[in-house]
Amino acid sequence: VSKVLELVEESTSRKSRSENFISKFAKYYTPTVCYGALALAVLPPLVRMFAMGAAPQWNDWIYRALTFLVISCPCALVISIPLSFFAGIGGASHEGILVKGSNYLEALSKTKYVVFDKTGTLTQGIFEVVGVHHNQMEEKQLLEYAALAESASSHPISKSIQRAYGKELDRSRVSEIEEISGNGITAKVDGRSVAAGNVKLMDRLGIPYKSCHKVGTIIHMAIDGEYAGHIVISDVEKPTSKEAIAKLKLAGIQKTIMLTGDAKQVADQVAADLGIDEVHSELLPGDKVEQVERLLAEKPAKANLAFVGDGINDAPVLGRADIGIAMGAMGSDAAIDDDPLKIVKAIRISKKCLGIVYQNIVFALAVKGVCLILGALGIANMWLAIFADVGVMVLAILNAMRTLFVKKL
């Protein structure tokens, strides 16, 4: 836990944030148009009076300045742009996708690389024991030793072994439990030394093991230093995972990557079944961060990288990526939907939202630019100024509301 917290702190401290467009725009736009209106009201009459010796016509130029000021009022931008993001976030939440802010929605629209954790994201995270092989004792007895050794763990694989045993566990029979990160568990069960884990654990303990021809997570068992067999556990792919990967590529995603702590054989098969472009297996949480760091360094500067994973176990990687997507009911309360197709929908929503934002910016600035010139020349009256302000704002708001509606995949 302390290692995960440390990684989260390091990741978030290096995360960059983009400035809000409206704040930057208003910083220059507001004083410019105010000084422009003042200059329009004062300078032409003074030039007419001193340079030409004619009457200054203050009323005419003050009217033009007021018209100019009304036209320049940035209501369409100030209201419609945030509203476009709010509508996009609202449309996403209606589809079961929680977006924490408009900056994340904007970042999502520029995503070109999507990195997935496997368990609970592309697979259901529901593990089942599908076989016990090369066992030197009865299958039920081997499962009993494994379940007791794993009794203190809440990991899905441990839970699957406990379910396969099917009886109530007497934890008083277990002592000296030691969890070895990335390897497995050792414990004393009824006074006997029990080791349950992967090939790394067997190598660590110097115990010869037998490889399994089945694809799945293999839990090798050793009792009193002697190999006792292995348990085969499989995770089921989500029914929509393959479709989601295909539609992500249609949505403009250049590369899909899968990171997992599972064995290479299991990871390679899942990646091949789903159409994943790149896969890295047998990774610890710190290794996943390193892989994401590498991908961030290799990708183009304008392309964002999204990481999709469990809201708690993958917190360090979620924090380091340009955009983090937490999903999977087993992971976090914040992961409100675990359907991979929602990722495709979220990207489509973000792109539609950004498209509408750019439409409103161009439309508002173009109309205001033309009307400002006409107002300065005295061609535009106050009615046109009101249209350029309120009318453009209403049209921009109506356009922004289109982000509320999302087409079905």
Side-chain angles (χ1 to χ4, degrees), residues 1-4 118-120 123-236 260-267 281-285 287 310 312-313 330-331:
V1 172
S2 62
K3 181 64 175 176
V4 168
K118 183 181 79 68
T119 305
T123 60
Q124 294 181 9
I126 302 172
F127 294 86
E128 294 181 356
V129 173
V130 295
V132 178
H133 301 157
H134 299 291
N135 43 309
Q136 305 300 314
M137 59 179 64
E138 288 187 11
E139 182 176 312
K140 289 184 179 179
Q141 188 177 5
L142 186 67
L143 283 172
E144 181 180 9
Y145 277 117
L148 286 166
E150 300 273 4
S151 61
S153 175
S154 60
H155 193 281
I157 290 177
S158 300
K159 292 293 184 184
S160 70
I161 295 174
Q162 294 168 37
R163 284 196 304 271
Y165 174 56
K167 297 179 182 179
E168 187 175 350
L169 298 173
D170 182 4
R171 293 193 179 184
S172 65
R173 297 169 58 188
V174 190
S175 62
E176 299 180 25
I177 297 173
E178 181 185 0
E179 184 171 354
I180 304 171
S181 179
N183 287 246
I185 287 177
T186 61
K188 290 277 189 181
V189 178
D190 296 335
R192 303 185 70 180
S193 298
V194 176
N198 55 25
V199 295
K200 293 179 183 177
L201 182 63
M202 296 296 106
D203 290 337
R204 185 188 186 102
L205 299 175
I207 299 172
Y209 60 89
K210 293 185 179 180
S211 300
C212 185
H213 64 281
K214 293 285 187 181
V215 175
T217 298
I218 311 300
I219 305 299
H220 294 278
M221 295 290 300
I223 297 174
D224 291 332
E226 297 291 332
Y227 189 68
H230 54 250
I231 301 168
V232 185
I233 300 171
S234 289
D235 188 10
V236 182
T260 179
D262 287 357
K264 186 177 188 302
Q265 187 181 12
V266 178
S281 55
E282 301 178 7
L283 302 175
L284 296 174
D287 299 327
D310 175 83
I312 296 175
N313 295 333
M330 58 176 270

message: As a quick check of understanding, evaluate side-chain contact (heavy atoms from CB on, under 4.5 Å) for Ser234 and Thr217, giving each step before the final call.
response: CA-CA 6 Å; Ser234 289; Thr217 298; over 6 Å; no
message: ring-ring contact (aromatic ring centres under 6.0 Å, His included) for His230 and Tyr209? Distances and angles first, verdict last.
response: CA-CA 9 Å; His230 54 250; Tyr209 60 89; 9.0 Å; no
field: Glu128 vs Lys159, salt bridge (charged side-chain N to carboxylate O under 4.0 Å, His left out): CA-CA, chis, key distance, verdict
entry: CA-CA 9 Å; Glu128 294 181 356; Lys159 292 293 184 184; over 6 Å; no
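The line from CE of Met221 to CD1 of Ile207 is 10.5 Å long, rounded to the nearest 0.5 Å. Separation of atoms OG1 (Thr260) and CD (Glu282) is listed at 9.5 Å; rounding is to 0.5 Å. Here the CZ atom belonging to Arg163 is positioned 12.5 Å from the CG atom belonging to Leu143, to the nearest 0.5 angstrom. The OG atom of Ser211 sits 8.5 Å away from the NE2 atom of His134 when rounded to the nearest 0.5 Å. The OH atom of Tyr145 lies 15.5 Å from the CD atom of Glu150; values are rounded to the nearest 0.5 Å.
Nearest heavy-atom pair across Val129 and Ile231 is CG1-CG2, 3.7 Å. Of all the heavy atoms in Lys188 and Ser193, the pair that sits closest is NZ-OG, 3.1 Å. Shortest non-hydrogen contact noted between Lys210 and His220 is O-CE1, 3.3 Å. Between Asp170 and Leu148, the shortest heavy-atom contact is O-CD2, 3.7 Å. In terms of heavy-atom proximity, Lys264 sits nearest to Ser281 at CA-OG, 3.2 Å. Here the closest heavy-atom approach between residue Leu169 and residue Ser151 is recorded as CD1-CB, 3.8 Å.
Looking at Glu226 and Arg192, no side-chain N of the basic residue comes within less than 4.0 Å of a carboxylate O on the acidic one, giving no salt bridge.
Among pairs with a residue in residues 167-188, none fulfils ring pair (Phe, Tyr, Trp, His ring centres under 6.0 Å), at least two apart in sequence or across chains.
Between Glu144 and Arg173, some side-chain heavy-atom pair lies under the 4.5 Å cut-off. Side-chain contact check for Met202 versus Tyr227: some heavy-atom pair is nearer than 4.5 Å. In this structure, Val199 and Leu201 have side chains that are not in contact, with every pair of non-hydrogen atoms separated by 4.5 Å or more. For the pair Ile233 and Ile219, the minimum side-chain heavy-atom distance is below 4.5 Å.
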Exercise answer: donor-acceptor pairs, residues 175-186 side-chain atoms, under 3.5 Å, sequence neighbours excluded:
unit_1: Asn183; atom_1: ND2; unit_2: Ser181; atom_2: O; d: 3.0

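Not one N or O on the side chain of Asp203 forms a donor-acceptor pair closer than 3.5 Å with the backbone of Lys200.
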